[in-house]
Amino acid sequence: MPVDVLEGLNSAQREAVETTEGPLLIVAGPGSGKTRVITHRIAYLVRVCGVSPYRIAAVTFTNKAAKEMRDRLQRLLGARGQGLTCGTFHAFCATVLRRDGRPVGLEPNFVIYDEEDQVDLLKRTMEAAEVDSNRYPVRGVQSAISGAKSVLLDPGGYAARATSPYEKVVARVYERYQHLLARNQAADFDDLLLKTVHLFQQAPEALAKYQSRYVHLLVDEFQDTNVAQYALARLLASQHRNICVVGDPDQSIYSWRHADIRNILSFRRDYPDAKMVSLAENYRSTKTIVAVAKHLILPNRSRVEKDLYTRRELGPPVAVHEAFNEEEEAVWVVQEVDRLVRQDKARRSECAVMYRTNAQSRAFEEACLRYGIPYQLIGGVRFYQRREVKDIIAYLRMVHNPDDEVSLRRVINVPPRGIGARTLDEAARWAQAASLPLHGALEALACQEGDGPSGAAPPLGTRARAAVQGFLQLLERLRQEAKSLGVAGLLDRAVELTGYRRYLLEGEERGEEQWENVLELRGQAKDLEESVPAAEGLARFLERVALVADVDNLDESKDALTLITLHQAKGLEFPVVFIAGLEEGLLPHVRSLDDPEALEEERRLCYVGVTRAKERLYLLRAFRRHIMGSTKPATPSRFLMDVPAEFILAAPRMAPDGWMKQAPGPAAAAPTGGPLPFRAGDKVRHGKFGDGIVVNCVPSDADHEVTVAFRGDAGVKRLLASYARLEKLA
DNA sequence: ATGTTTATTATTTTT
DNA sequence: TAATAAACAT
C-alpha cells in the first residue's frame, strides 16, 4: 500500500528518498525535482518507515519554501503529517528561545529586531560610544557585527580576533550593542541563530531535549546556510546522525548575506560516511536552455561536479538582442511579450523579465505602461517594512514588551504629540544616570518624583511633562485593555487612542494608501485570531510579522508580465524568461569586478536566471546605459561570450512574424531598414504624443530611429519608425 | 518642534 | 537621476 510515495521518481530521486539512515547530501540541479524529493522522503519516513512526524524536522530558508513543503505534504500525508516541524531556521530558533531561552538571557516575551531596528539601535550605540558615524558608517558596522554573529563570534571572541583599528572599533560597538539588546529584551535576526547555538552549548539539558526528539533532520537550500546555521543543524542531529542536506552550490547567490558554500565541504568532512546523491536530470527546461546553462557555469572553479541533462525537446534557440539603450531594451521586450501573446505562444503571466538591480525595473514599468501591458513588479518595499505598518506594530510591541526601547522611541512622537528630540535626550540622560530603563525614567519624570539622582537638575518643563504623561497613560491603558481584547481589537484601540488614522489621512502625502495598509495589517490580525487562542494571540502575531516578509508576493492568477530581480527569481520558473542588462558592470556588477569569488557568484546569479526558463530564453543588453545620472557606453557581459553561438539566434531589432521558426545559426549581420522614412523638419502626428517636428532620423538595425520634438507635454522623444506609427503631415 | 534646504550616496535583501 | 538623510532655519 505505501509504495506509491516512490511512484514516478527516477532512480536518483528514489535513492535519495530511500536513504533514510545516516548522513545524506543531495546535490540537486535546477529543475531536478528537489522539493518533490524532500517531500516524498518525509512521506516515505512516515508511511513506510513508520516514523512519527513529531520526530522529523525540515528546515528551509524562506517561509515560501516552508509553506510549499507543508502544502505538498498535506497532499501526500493528510492528517498523518500532523506534528511535523517545518519552518525556517529563524522561526525554529525563535520557538526554541521562547520556550528555553532564559539561560541565554531571553524572557519568553522578547522582541525580534529587523534590520531597520538594528540600525536604529546601532546608531544610538555608536553615539553613546562616541564613534563617528561618518568615519564608520552604521551600515558597515551592522554588516560586520552580523558577519561576526554568523560565524558564532560573540563580542569577546570578536574582540580577541580584531586586528585592524576598524575591527577594534566594531568590537567596542558590538559589545555595547549586545548590552542594549539585552536591556531591551530583544534579539536581532542573527541572534536568533547565535543564541540558540549558545543555548545548546551552555544548557546540555535543553540540547538533549531537542536532540532526542528529532530523529530525522532535513535542511533545504543548504548552499545558502551560514556557519551558525550549519552548527545548529549539526548540534540537532548529533544524537541520531540522520541529517539530510539538499542544495546546489551552483545556485549559491547569498554570500553577501554571509552564506558560506564551504559548509558543503564541511559537511563532507564532518560526515565522512555521508552518502551523496546527485539529481542531474532536469525536467524544467528545453535542451537548448540546459545546454546554455551548462556552458555558462562551466568556467567557475569552485564547483561540485554535476552533469545536468534533460530529455526534453531541443526547443527554440536563445535570442540575444542588443538594444540601443535601456529604454529600447525595455520596449523591445514588451513588444516581444505582446507578440508572443498575440500569436498564442505564451500568456503574459508566463513571461518574466529578470534583472540585476531594482533600478532597472523602471524602464520596463514605463514601457509596460506605454504599451498597455499589465505587469507585476516583485519586490520594492516589503509590507512589514512600511513605515505606517511598523508604527502600529511598534505600539503592539510596547504593549507586549515594555523594555522595547526601539519601538518606544519610534512612536513616542508619532503622531506628533510634542515630545521632541530635546525631551527625549533629557529623559535618556536621566535614565542613564539613574540606571533605569527609558520607560522607567519617563515614568519618574512624568510624576515629577524628585529631582535627578544627584539631587540637582530640575527635569522637564510642564508642557513636556504633560505630553509624556499623556503618552504613558495611553500605553498603560492599552496594556490594560490588551488583557481582554484580541489583537485586532487592540490594534483598533491603539489606532483610536493615538489618532493614527487622522494623522495619516490629514497629514501624509500617501495617507489613503497608508491607511489601507494599516487595515490590511488589521485583517491579518483578525485572520490569526481565528486560529490562535486569545492568550497567545499577541505573541504569535508579533512573531509572525517579525519573521514573515512575503505578504505581497507573486500572484500567479494575474495575467501580467512579471518584473523581478535575479535574486528573487530563485526557486521560480517561467516558460518565457528575459534576462536584461547583460553588460560588464551590471551583470557582472561593478562591485564584483575586482574579486574572482564575487565574479563567480555573479555568474551563478546569471545561471539561476537562465535556469528559470522552461521554453524560451532571451538575453538582452544595451549599447548605452543610463546609470546614476549619466549615460555611458556599455560593453557586452563576459557571460554572453560563454553562450555557444550554435544555440543563439541573434534577434533582429524588430522580430518579424515567425522568426522563431528559423533554424538556429550564427549571428547574421544586422540588416539596414531601407530608405529614410522621415527627414529633419518633417511635421508628424503620433497617436499618444500628438503633433511634433522631426529632429533627426537615422537607420537603426532593421528600423529607423526618429527623434521628434512634440508640441505638447511629451517633449522630445526617440521613437522607432515602425512602432511609433507616425503620420506625416503636409 | 517642525518644515525647508542642502548634502550624500546609490547591488542583491530568504530572516 | 532621484531618493533619502542630515543640517538648517523658522
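All heavy atoms count here, side chains included; hydrogens, waters and symmetry mates do not. Lettering of chains follows the sequences in order, A, B, ..., and the numbering in each one begins at 1.
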Inset, instruction - Would you please indicate if the ring centroids of A:Phe61 and A:Tyr254 are separated by under 6.0 Å? - result: no
Legend entry - Of A:Arg409, A:Arg397, A:Arg410, the residue whose pairing with A:Asp117 passes salt bridge (Lys or Arg N to Asp or Glu O under 4.0 Å): A:Arg397
Legend entry - Given DNA chain B, 5'-ward residue of the pair A:Glu601 and A:Asn134, judged by closest heavy atom: A:Asn134
Inset, instruction - Name the nucleic acid region contacted by A:Asp114, choosing base, sugar-phosphate or nothing; use a 4.0 angstrom heavy-atom cut-off, strictly under. - result: nothing
Inset, instruction - Report the distance from atom CG of A:Asn358 to atom P of B:dT9, rounded to the nearest whole Å. - result: 21 Å
Legend entry - Touch class at under 4.0 angstrom, heavy-atom based, for A:Gly571 against every strand present: nothing
Legend entry - Presence of A:Thr565 side-chain N/O under 4.0 Å of B:dT13 phosphate oxygens OP1/OP2: yes
Legend entry - Atom-pair distance (OH on A:Tyr355; P on B:dT12), nearest Å: 10 Å
Inset, instruction - Measure the distance from CD on A:Gln385 to P on B:dT15 and round it to the nearest whole Å. - result: 11 Å
Inset, instruction - Write down the distance separating the P atoms in C:dT4 and B:dT13, rounded off to the nearest Å. - result: 16 Å
Legend entry - Side-chain touch A:Arg139/A:Gln142, heavy atoms, less than 4.5 angstrom: yes
Inset, instruction - Identify which nucleotide among C:dA6, C:dT1, B:dT12 has an atom closest to any side-chain atom of A:His626, counting heavy atoms from C-beta outward. - result: C:dT1
Legend entry - Atom-to-atom span, CD1 of A:Ile378 to P of B:dT12 - whole angstrom: 16 Å
Inset, instruction - For the side chain of A:Thr423, starting at C-beta, report the closest nucleotide among C:dT1, B:dT15, B:dA1. - result: B:dA1
Legend entry - Residue A:His589, side-chain atoms from C-beta onward, closest of B:dT11, B:dT13, B:dT2: B:dT11
Legend entry - Contact under 4.0 Å: A:Arg139 side-chain N or O vs B:dA10 OP1/OP2: no
Inset, instruction - Would you mind reading off the distance between A:Asp120 atom CG and C:dT4 atom P, rounded to a whole angstrom? - result: 16 Å
Inset, instruction - Pick base, sugar-phosphate or nothing for A:Glu115, based on heavy-atom distances below 4.0 Å to the nucleic acid. - result: base
Legend entry - Ring-face cation of A:Arg98 near A:Phe110 (centre distance under 6.0 Å, axis angle within 45°): yes
Legend entry - Whichever of A:Arg356 and A:Lys570 has its nearest DNA chain B nucleotide further upstream toward 5': A:Arg356
Inset, instruction - Respond yes when some side-chain nitrogen or oxygen of A:Gln568 is under 4.0 Å from OP1 or OP2 of B:dT12, and no when none is. - result: no
Inset, instruction - Quickly work out the A:Gln142 CD to B:dT15 P distance and round it to whole Å. - result: 16 Å
Legend entry - Of the listed nucleotides B:dT11, B:dT15, B:dA1, the one nearest the side chain of A:Thr357: B:dT11
Inset, instruction - Mind calculating the distance between CE (A:Met628) and C1' (B:dT8) to the nearest angstrom? - result: 12 Å
Inset, instruction - Decide, yes or no, whether a salt bridge links A:Asp224 with A:Lys570 under the criterion of side-chain N to carboxylate O below 4.0 Å. - result: yes
Inset, instruction - Check if the side chain of A:Arg591 and the base of B:dT12 share a donor-acceptor pair of N or O atoms closer than 3.5 Å. - result: no
Legend entry - Base of B:dT11 and ring of A:Trp256 stacked, centres under 5.5 Å, planes under 30°: no
Legend entry - Paired nucleotide for C:dA5 [Watson-Crick or G-U wobble; both distances under 3.5 Å]: B:dT6
Inset, instruction - Compare the aromatic ring of A:His90 with the six-membered base ring of B:dT15 and state whether they stack according to the 5.5 Å and 30° rule. - result: no
Inset, instruction - Check whether any side-chain N or O of A:Asn413 sits under 4.0 Å from OP1 or OP2 of B:dA1, and answer yes or no. - result: no
Inset, instruction - Select one nucleotide: of B:dA1, B:dT13, C:dA3, the one nearest the side-chain heavy atoms of A:His567. - result: B:dT13
Legend entry - A:Asp260 and A:Tyr230: side chain donor to acceptor below 3.5 Å: no
